[in-house]
**Student:** 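Supplied in structure tokens, the structure appears directly below.
Just the heavy atoms: all of them, side chains too, but no hydrogens, waters or symmetry mates, feed the values below. Protein chains get the first letters and strands the later ones, always in sequence-line order, with residue 1 at the start of each.
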Amino acid sequence: MKLFSAQNIAYSINENKLFHNLSFEINSGEGLHIKGGNGSGKSTLLRIILGITSPSKGSIQSYEPDLKISYLGHKNAIKSYLTPNENLELLFNGVELNHAFEWLNKFGLSHVQDELTASLSFGQQKKLALIRVLAQSSDLLVLDEPFVGLDQATADQLNSFLAQKISQGGGLILTSHITPMIDCEVLDLGVKNA
Amino acid sequence: MPSFIKAESFKLSKKLKSWLGPLLVMVLVLIAFPLSIDISQYDLDKFYFSIIVVSLLMTAFVATEGMFEEDFEDGSLEQEFLKEKDFYKLVISKIFVYVCFIGMPIAFIGALFSFANGVAIGSFGKVFLLLSLSNLLLFNLFAFGNALSINKGAMLGVLSSLPLALPVIILLGRAIRSIQYGDGFVAVTTLMVGIGLIVSAIMPLIISAALKTHID
């Protein structure tokens, strides 16, 4: 099932073209790995797909109006003045909250669940941000550099979760400098030269 | 909407500085201002209201300073946009929670201090109502200023929205005179309620549009 299609999209910042004439499709049960050098526009492309940023040219068509999307961007969207437990209780309830607590245990954060998030390490905060995405029931996962800051064991857990999500018919779009251990289409934006 | 209000209440209750700070500023100004100027105690009941207007303006200013900044900085606004496609519910809930948690306690403190300054006890309800309505208007206006310059230091935007507060101050002044001279209180209060309802419905739309431009 087709989720999104992009037709000839381009994006420029002050006359500088980040990318142009990009066309691709995103289907359920498939993954898309967007790769490219620093400043090549990977994160911008994700934001264009999500409708947060408008493209300079071209269009994105969504085929599922009620598509549930989970997004992890550069910003973690977690509250530093709350504990991990409070952050999760703020976001979820019912079954999703139970899932979130399960992930908290799997990621080895249960011993810091009552500490302030601000006092956690970068990697621990990243894990908490990932829990926000993984515990949600969604049709499409959109992840911006999800492996950055993760230890190998957590990266493996994430890889197996993403592979399972795709096999269950979910969609996945991610940007990463680290090649994910899952079968994905690759969209290479190249290296942005000065 | 109740889920938004619940979440915003929880967040604000955990940010001690955000809600306690404005209340302390209000108390401090109300105590310090009369002490710092030489006003005859017989005239204090008349001057007290001008003090309260200044205090109200300052505390509303302080209270709304970081209203949207934190959500913008940590990426919560982007998440909200993906779920709701606009920020109307978020903004209206946030302003409601700020008025309940900060605005109304400020109004209560203002009304309470009015006794100490010679205002008749029977006017407590009237003063409380007027200050609450003024806070509703001021919080809406300063929230707009906050949203305008969210990525340039929110205080700048709040400052730029100060002129918008002038009509509120004029209205509050008129309402205060109606308490002092016992004339036309119902009419001016009804006018403030009407303006409050209109502003509370329209301003979140404008704020929502301003926030959208910042995350784009």
Side-chain angles (χ1 to χ4, degrees), chain A residues 11 13 43-44 46-56 62 65-94 96-97 114 116-118 125-126 128-130 132-133 136-145 173, chain B residues 1-22 63 65-91 93-94 96-98 101-102 147 150-151 154 208-216:
Chain A
Y11 190 78
I13 302 174
S43 301
T44 307
L46 283 190
R47 291 166 62 84
I48 287 173
I49 293 168
L50 292 170
I52 298 171
T53 300
S54 305
S56 307
S62 171
D66 298 324
L67 193 71
K68 279 201 258 176
I69 302 172
S70 292
Y71 169 58
L72 172 68
H74 275 228
K75 299 171 180 176
N76 286 337
I78 51 175
K79 303 292 172 192
S80 59
Y81 53 86
L82 299 179
T83 65
N85 264 2
E86 288 169 341
N87 264 297
L88 297 178
E89 282 164 1
L90 189 68
L91 294 165
F92 303 116
N93 48 41
E96 285 188 337
L97 184 61
D114 294 320
L116 279 187
T117 305
Q125 290 188 23
K126 183 78 176 196
L128 187 58
L130 273 170
R132 183 177 53 72
V133 174
Q136 272 175 353
S137 57
S138 59
D139 307 312
L140 176 67
L141 286 175
V142 181
L143 309 173
D144 197 353
E145 297 289 356
I173 310 168
Chain B
M1 191 77 92
S3 63
F4 279 94
I5 292 172
K6 191 180 163 195
E8 289 305 321
S9 307
F10 181 67
K11 279 157 61 182
L12 189 60
S13 69
K14 292 286 176 179
K15 290 190 288 182
L16 191 67
K17 192 187 93 180
S18 296
W19 64 265
L20 190 60
E65 187 200 340
M67 211 177 206
F68 301 108
E69 202 172 9
E70 165 216 316
D71 287 342
F72 175 72
E73 295 292 342
D74 70 18
S76 300
L77 280 185
E78 285 177 359
Q79 297 292 336
E80 196 49 52
F81 179 76
L82 285 178
K83 270 196 277 183
E84 296 286 330
K85 300 295 171 203
D86 67 40
F87 302 109
Y88 187 77
K89 283 183 194 168
L90 173 81
V91 172
S93 309
K94 215 179 246 293
F96 175 77
V97 167
Y98 270 64
F101 269 66
I102 307 173
I150 204 164
N151 56 353
S208 176
L211 292 175
K212 171 70 181 78
T213 62
H214 284 301
I215 64 158
D216 192 348

**Student:** Walk me through it: do L82(B) and K68(A) pass the test side chain to side chain contact (heavy atoms under 4.5 Å, CB included)?
**Tutor:** CA-CA 9 Å; L82(B) 285 178; K68(A) 279 201 258 176; over 6 Å; no

**Student:** Would you mind checking which part of K83(B) comes under 4.5 Å of any heavy atom in chain A, side chain (CB onward), backbone (N, CA, C, O), both or neither?
**Tutor:** neither

**Student:** Under 6.0 Å from the ring centre and within 45 degrees of the ring axis: does the NZ or CZ of K75(A) meet both conditions for the six-membered ring of F72(B)?
**Tutor:** yes

**Student:** Minimum heavy-atom separation for Y71(A) to Q79(B), with atom names?
**Tutor:** O-NE2, 2.7 Å

**Student:** Who among K6(B), K14(B), E80(B) has the most heavy-atom pairs with chain A under 4.5 Å?
**Tutor:** K14(B)

**Student:** Heavy-atom distances under 4.5 Å only: say whether E86(A) touches chain B with side chain, backbone, both or neither.
**Tutor:** both

**Student:** Work out which heavy atom in S76(B) is nearest to a heavy atom in A77(A); give both atom names and the distance.
**Tutor:** N-CB, 4.0 Å

**Student:** Side chain, backbone, both or neither: which part of I52(A) has a non-hydrogen atom closer than 4.5 Å to chain B?
**Tutor:** both

**Student:** Under the side chain to side chain donor-acceptor pair (under 3.5 Å) test against Y81(A), which residue among K17(B), K11(B), E70(B) passes?
**Tutor:** E70(B)

**Student:** Is the number of heavy atoms from other residues, nucleotides or ligands within 6.0 Å of NZ (K89(B)) greater than 12?
**Tutor:** no

**Student:** Between I215(B) and chain A, which part of the residue has a heavy atom less than 4.5 Å away: side chain, backbone, both or neither?
**Tutor:**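 It is both, since atoms from each part get that close.
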
**Student:** Which answer fits K85(B), side chain, backbone, both or neither, if we ask what part of it has an atom under 4.5 Å from a heavy atom of chain A?
**Tutor:** side chain

**Student:** Counting only heavy atoms not in F96(B), do more than 12 sit closer than 6.0 Å to its CZ atom?
**Tutor:** no

**Student:** What part of L91(A) gets within 4.5 angstrom of chain B, counting heavy atoms only: side chain, backbone, both, or neither?
**Tutor:** neither

**Student:** Does any heavy atom of chain A fall under 4.5 Å from the side chain of E73(B), the backbone, both, or neither of them?
**Tutor:** backbone

